[in-house]
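As structure tokens, the structure follows; a few thoughts come after it.
Note that ligands are numbered from 1 as they come in the structure, with each ligand's atoms numbered from 1 the same way. Only this structure's heavy atoms are used, side chains among them; waters, hydrogens and symmetry mates stay out.
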Amino acid sequence: MALKNNNPTQTEAWKKLEEHFKVAKNYELRKLFQENKERKDEFSIQFEDFNIDYSKNLISKETIQKLLVLAQEVELKDAIEKYYKGDKINVTENRAVLHTALRSNSDEPVFVDGKDVKPQIKTTLRKIKAFTSKVVSGKWKGYTDKPITDIVNIGIGGSDFGPRMVVESLKFYKNKLNAHFISNIDGDHVYEILKKINPETTLFVIVSKTFTTQETITNANTIRDWFLKSATVFDVAKHFVAVSTNIDAVVNFGIDKKNIFPMWDWVGGRFSLWSAVGLSISLSLGFENFKLLLDGAEKMDNHFRTADFENNIPVLLSLISIWYTNFFNCESEAIFSYSHYLKDLPEYLQQAFMESNGKGVDRNGEDVTYQTGSIVWGSVGTNMQHSFMQLLHQGTKMIPADFIGFEESLYGDKDHHTKLMANFYAQSQALAFGKTKEEAHLELKVEGKLEHLASLLPYKIFKGNKPSTTIVIKKLTPETLGMLISMYEHKVFVQGVLWNIYSFDQFGVELGKELAKKMLESQKIATL
Ligand code: F6P
């Protein structure tokens, strides 16, 4: 069954939130913390190795209660059950949305068109495991009988961002295989990677659900031509494997049917790293780590499905995001990871959030009259502190931010990690509490800058009151990364339900593709 069609702005809860906003828009974080010494604890959730502190947001208990009523009124609970049970909630493509089934260890069957999808998932995981073991152990040999040293993932969008982000984020756990990712149709991108690899010892994983995506097919053909300069067509099957639903096209390319890993139409591209699309993850990190990633995601899935909404991490994060987008009129949200390993996370999340919720037509087929799909961006701390953070601290825009940090570093250097985390907390505190006129005045006095005091003072004030959420995780592991990604996936889902839009299609990316195709067919590039 489809998701209910509920215009959120027509609900009673929305009207109450609008009323409440007249007071809440004047909330001051300094005051809220002074008035309630327990605020940090009262607005924090501990779940497994995650601590989510959302106390530095412009909210009160009353705000949360009112947002929770909104969630009830749009029947979020019912929507979550439909999502997990395989209802065709991707109505515009007539598909179920079942990335949660990919990481489920439970025996509960999940039916799509009357067929349980769980057995195919298990079979595919076994195939990934066996293949990974052959390649990593060196049993899989290239055309000159040498073991594989390098793998190249050829794919774009969801067939690239997820595997690339996970491999980069977890490279501490990597095995000896070198992993490369080719996505862009820019030939220079392709040739830069080809420069680094040897055709005799490289395995190419072509990932394309449709096997028709222009970038991926062009890149795969260029690479096969390059490969055939030193090998023969009979060697293609030893060096190319594919993840796709389009078996005929893959076989035509020269790939052995045995080496095709399945994809399913009930897994969206941007939610597919948990399927065989994650083959490069398994090859780079080992199957055990790939499985731990899935198990971590499942923990968050279970939390999201079963926890009360007032203690439900993805639900609360979504509601707070709606509060900023639709009441404070914030345009964007930032994600700052205080781990250099997570440098690709914002790019990955941009597709998850913006391809999903960048929609202007509601589930009733009508133009929405309210904001949807906030702009997601970010970077890693502390680098970004020396870049755009000035704008967040003293600029005119309100940009709610998630700060993601870890209690422990992976190499265990305490000195570095203490400094890193001091910066992590300092940024969120500076944003929240700023520096008052009196504090700035005193500081200038202490510094002996009395003669310039009046002229400098306005520039030294930090207004503060800039919201953020701190997410502190024990340690970066495959399991906690799985939990983190799953947390954001469910945040995307809840936002889509509340905004009354369809989050799982992406027709908006088609027009540009069509125009480029027409230009290429007519051999005329319109430079207008
Ligand atoms: O960008 C649009 C899109 O359809 C994404 O959703 C998808 O992840 C990507 O293109 C790649 O598609 P395919 O896996 O079919 O090559």
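- Using a 4.0 Å cut-off to heavy atoms of T210, the atoms of ligand 1 that qualify are 13 (P), 15 (O), 16 (O).
- Protein heavy atom closest to atom 8 (O) of ligand 1, with residue, atom name and distance, is G158 N, 2.6 Å.
- When each atom of ligand 1 is checked for a heavy atom of I156 under 4.0 Å away, the hits are 9 (C), 11 (C).
- When only non-hydrogen protein atoms are considered, atom 12 (O) of ligand 1 lies nearest to T213 OG1, 3.5 Å.
- Within a 6.0 Å radius of NZ in K127, more than 12 heavy atoms belonging to other residues, nucleotides or ligands are found.
- A salt bridge does not link K517 with E514: none of the charged nitrogens is closer than 4.0 Å to a carboxylate oxygen.
- For ligand 1, the atoms sitting less than 4.0 Å from at least one non-hydrogen atom of E355 are 1 (O), 2 (C), 5 (C), 6 (O), numbered in the order shown with element in parentheses.
- Minimum interatomic distance between V492 and S356 (heavy atoms only, all atoms of both residues): CG1-CB, 3.5 Å.
- Each of Q351, E355, Q350, H99 was compared with R270 under the side chain to side chain donor-acceptor pair (under 3.5 Å) criterion, and only E355 meets it.
- The pair K258-D256 meets the salt-bridge criterion, since a charged nitrogen lies less than 4.0 angstrom from a carboxylate oxygen.
- Considering R270, Q351, K513 only, the shortest heavy-atom separation from atom 4 (O) of ligand 1 involves K513.
- Not close to ligand 1: E215, with no non-hydrogen atom less than 4.0 angstrom away.
- Taking 4.0 Å as the cut-off between side-chain N and carboxylate O, D225 and K229 do not count as a salt-bridged pair.
- Proximity of M263 to ligand 1 is not established, as no heavy-atom distance is less than 4.0 Å.
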